[in-house]
Every structure is written in C-alpha cells, then in structure tokens.
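Both counts, for ligands and for their atoms, begin at 1 and track the order of listing. These numbers come from the heavy atoms of this one structure, side chains and all, not from hydrogens, waters or symmetry mates.
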Amino acid sequence: MQLYFLGRMFRFSLIVIAILIAAGIILFPYIENIAILMAALFFVYFAFMLVLYYMIEIYIKPMTKITKTVDQLLEGNYHARTQGVIKGKVGELSDKINQLARHLSEITLQEQIQSEQLSTVIENSESGLVLIDEKGYIHLVNRKFASMFGKEVKDYIGYLYYDVIDNEQMQTTVQETFLSGQRVKDVVTMDGDGPKKYYEIIAAPIFNELNMLKGIVLVIYDITELKQVETMRKDFVANVSHELKTPVTSIRGFAETLLDGAHEDVETRKHFLEIIFKESKRIQHLIEDLLILSKMEKDEPQMVITEVHLDHLLEEMMPMFKQRAEEKHIQLEVRNDKVVFEADEDKVKQILLNLFTNAVNYTPENGKVAITLKQVDEFALIEVKDTGIGIEKEALPRIFERFYRVDKDRSRMTGGTGLGLAIVKHIVEAHQGKIEVASEVNKGSTFSVYLPLKHPSGT
Ligand SMILES: Nc1ncnc2c1ncn2[C@@H]1O[C@H](COP(=O)(O)OP(=O)(O)OP(=O)(O)O)[C@@H](O)[C@H]1O
Ligand SMILES: [Mg+2]
C-alpha cells in the first residue's frame, strides 16, 4: 500500500514537471519577459507544491500510518493501533481500523482463554482422552492416556491408532465404533508388570453438520480400584457365608441327631448341647465383630471421645484377663503406668481385649504374656507381648486383613474368625494412631499400639 502511494506521488511530481514545461512552452510566445515567465512558472510550481504538501499531510502520511497498522494486524499483532490525531475522512477510516483491531484483539483473547481452559481440562483430566480422525490418525492424546500405557504424548500424535495403541481390545472397540457409527462401551484388562489393571473405554463417534463421520473420541477411565472394591465385597460376602456355614451346619447336624433320639442318653445330650452352645457362641462372636467392623468402616465412625485413664481401664479388665491366663497356665506380667489421654474408651478396651485374646490364644500353655501401658512422647502406648507361636514374616503384612488367619484350622479351634486385628487397625486409624508388630516364629510376638494423647477432634 505504501508503495502504491509513493508511486502515485512520483507520478504526480512528473505531471507537475510536465505541466510546468507545457505552461512554459505555451506562455513563451506571449510573455517575452523571461523574468515574468519564470515568476509565472514559479507561481504555478508553488501552487502545485502546496497541493502536493496538502495531499501528503492530509492523505498520504495518515494512509501510510494506517497501512502500517493494517500490515501489523495482518501479521497477527492485534495490539497494533494507528497513533496521532487524524482529521477528515481518513481520520474516520483510522478510527474504524482501530475499532476493528480492538474487536480482533478481544476475540483473540477470548479464544486464547477458551483454548487454554480447554487444554487445562484435557491435560488435567483424570480420564484418558484420544481424538482419532476419520482416516484413523490420532490428533490429540492427553498426558493421562499416555501415562496409563507408559508412553509419551508424542508417541501417539500423528500416527495411525492401530500402529500405536497396543491393546487389541481397545483397537477392536475403535473399529466397532467406526463401523457402527454408534457409541461403544467396553472394559479392557491389562496385565502389566504390576497388578492387573482395569479400564473402562467409551468410544463415541463425531459427526459433522452433514452427518458424516469425522472421527472418534475415546475416553478411558481407570476402574482398577472400583474392581478391587467389587472383588473385596464379593470376597467378604463369600467369607461371611463360609464362616457361618460351618457352625450352622454343625448346630443343625447335632440338633437333628438329638431329635432323632440321641436326647435320651443324658451324656450324649449334654455333649451335643455343649457343642450347639459353643457353635452358637461362635456365630454370635462373628456377628458382633461384623457389626463393630461395619461401624468402624463408615466414612465417619461414631466416636465418643473422653478423657481416658488407661490405668483404670486395665484395672477394670484385669480380673477377666487373669482368669483367662490362669485357665491356660499363662504367666501374666503387667506394667500399668498412669496415662491419661483423649480417646473413645470402649474402643480402647476393644483394642486391649483383642490383643490380649490373641496373645493368650496363640501362646501355648505355661507361656508368658506381658501387658505394658505407658506414655511415649505424645502417645499412649499399649503393648502386648507374648512368648507364643509367632507369625512368619510373609504373613505379617496380611494379618490386619479381614478374615485372614495364618493357620485357619488352629484359629478356628480357638473360635477365631480373623476379624480381631482388622477391628484393632480400624480403631487405631480412627484415633490417628499407629500399630506395629514384631514377631518371630516359635519365640513370640509383640503388638504395639500408639494412640495420640490429644485426639484431633478431642474435648
Ligand atoms: N499374638 C499372636 N501370635 C501369633 N499369631 C497371631 C497373634 N495375633 C494374631 N495372630 C495371627 O493373626 C491372625 C489374625 O488375627 P485376628 O485377631 O485378626 O483373628 P483371629 O484371632 O483368628 O480371630 P478373631 O480375633 O476374629 O477371633 C490370627 O489368625 C493369627 O494367625
Ligand atoms: Mg483375634
């Protein structure tokens, strides 16, 4: 544009010169006085130069400015504006171009914000996202998707989906969507180096305004945790049913035999009734434990936090502990320091009871059980140590799982259901404490529970 104006100016100057020469030739025969002719020509020249100056100032200079601004706008600099006061029609043009530039920069800013928001959402999404065009080329992959399959975003972009997506099930889902033009939902399993992973895939077709398939968007959710919870729930139901089956079958069997006439013999009747009583106690124990567990497993277990005098609490329980220890000729040692802390008293009792019961149950006759209650730094320590059968190293991480027993038969003999330590763990967690175990096979075990002196939601 600038060149266009310069060209015109050049032509204008040539015309002026031509006019001057023509005027000189025309006027020469009439004006003999060279001085007057020169003055007339100079006057004409001056008049033209004045017009030229006016044109440059009013049109060419502002137009050059406007042209520069338009050039900058074309290059994508939407902050460019024409500067200075420009009057007349060119001024109007300049104002309109400035207005246009402002609109452009607002639109670009909004677009920029929207695209940044969109890419933030895509990049930070907890689901994997993939965009495939109608030819099968991948256009977009978010970080989550790449990390799910241990690759990087650049390993996918620009490639055909079946060349870079290794999972065959996933490829089939994409193919199905291309063929059917319908939304397809599937669950994909992956066996990596670690544990099995489960992904839910939703493949949705994308259509343009002419209803032609333009591609596919894949959304992938990691549902491994959900599957684990589902498996745990199934296992739990299976375990509870299994635990109930044995005593119920036994009760039913002995009751049937009694009904069939065994009740006539006093000795047999007594023996059978004792078994029925023992088995029903077992069911009761299981149900009580399940109830405690289900209460503790709530998101916010109900806790009654009060000031607990640990020494008083143990004194209350000592007669029962002593009796149980004597029954098995187990020597009971106690260190009962005065410890006062904030906790749910009934639940602390439950910890003591479960740990003590285990210590006695898994310690042969004539063994030793030591209970220590003391303060360690900011914690109340409950320690139960025995000289029992101990726990092998491999089993240690699992003893807090529901229904886990190192030796199922042995534990069942003692009436155990494998819920005691799961309950202890939940109680400890609800108090934001910690539990530690040290154990050696045939030497004994030590369970140490640390509960904070001040409960976070304390009185
Ligand atoms: N002091 C211990 N010595 C040796 N093994 C132990 C001890 N405490 C627990 N265990 C092992 O850990 C398993 C789980 O203990 P937990 O208290 O949860 O269940 P349980 O004693 O079998 O049954 P429950 O306590 O529900 O009646 C036990 O079956 C046992 O194998
Ligand atoms: Mg137990």
Contact check, [X] vs ligand 1, heavy-atom distance below 4.0 Å:
X      : value
Gly418 : yes
Phe400 : no
Thr417 : yes

For the OH atom on Tyr137, are there more than 12 heavy atoms of other groups (residues, nucleotides or ligands in this structure) within a distance under 6.0 Å?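 Counting neighbours around OH of Tyr137, 12 or fewer heavy atoms of other residues, nucleotides or ligands fall under 6.0 Å, so no.
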Expected output: side-chain Ser125 to main-chain Val121 donor-acceptor under 3.5 Å: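 Answer holds: no.
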Please work out which of the three classes, parallel, tilted or perpendicular, describes the rings of [Y] and [X], given edges at 30° and 60°.
X      : Y      : result
His312 : His309 : parallel
Phe403 : Phe236 : tilted
Phe447 : Phe400 : perpendicular

[X] to ligand 1: N or O pair under 3.5 Å?
X      : value
Leu419 : yes
His285 : yes
Ile391 : no

Lys135 to Tyr161, cation-pi by 6.0 Å centre distance and 45° axis angle: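 No, a cation-pi geometry is absent between Lys135 and Tyr161.
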Below a 4.0 angstrom heavy-atom separation, can you tell me which part of [X], side chain or backbone, both or neither, approaches ligand 1?
X      : result
Asp289 : side chain
Val406 : both
Asp386 : side chain

Under 4.0 Å from a heavy atom of Tyr404: which atoms of ligand 1 are those, numbered in the order shown and with their elements?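 Checking each atom against Tyr404, I get 13 (C), 14 (C).
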Proximal atoms of ligand 1 relative to Ser445 (non-hydrogen, under 4.0 Å):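 So the atoms of ligand 1 that pass are 2 (C), 3 (N), 4 (C).
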Using 2.8 Å as the cut-off, note every protein N, O or S atom close to the Mg ion (ligand 2).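 Hits for the Mg ion (ligand 2) below 2.8 Å: Asn358 OD1.
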With distance as the sole criterion, is a donor-acceptor pair present between the side chains of Gln323 and Glu327 under 3.5 Å?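 Checked: Gln323/Glu327 side chains pair up, N/O donor to acceptor below 3.5 Å.
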Side chains of Asn354 and Gln350 only: does a donor on one sit below 3.5 Å from an acceptor on the other?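 Checked: Asn354/Gln350 side chains pair up, N/O donor to acceptor below 3.5 Å.
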Side chain to side chain contact (heavy atoms under 4.5 Å, CB included), that's the test. Do Glu307 and Glu342 meet it? Break it down for me. CA-CA 5 Å; Glu307 200 170 74; Glu342 289 171 0; 5.6 Å; no
If you take the nearest heavy atom of each of Phe403, Phe447, Tyr362, which one is closest to atom 28 (C) of ligand 1?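 When every heavy atom of Phe403, Phe447, Tyr362 is considered, Tyr362 comes closest to atom 28 (C) of ligand 1.
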Ion pair present between Asp235 and Arg233, side-chain N to carboxylate O less than 4.0 angstrom?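 A salt bridge is absent here (no side-chain N lies under 4.0 Å from a carboxylate O).
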Determine the minimum heavy-atom distance between Ile427 and Ile351, stating which atoms define it.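 Scanning both residues, the minimum pair turns out to be CG2-CD1, 3.6 Å.
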Could you go step by step and tell me if Arg405 and Glu243 meet the salt bridge (charged side-chain N to carboxylate O under 4.0 Å, His left out) rule? CA-CA 12 Å; Arg405 283 161 294 195; Glu243 290 301 327; 2.4 Å; yes
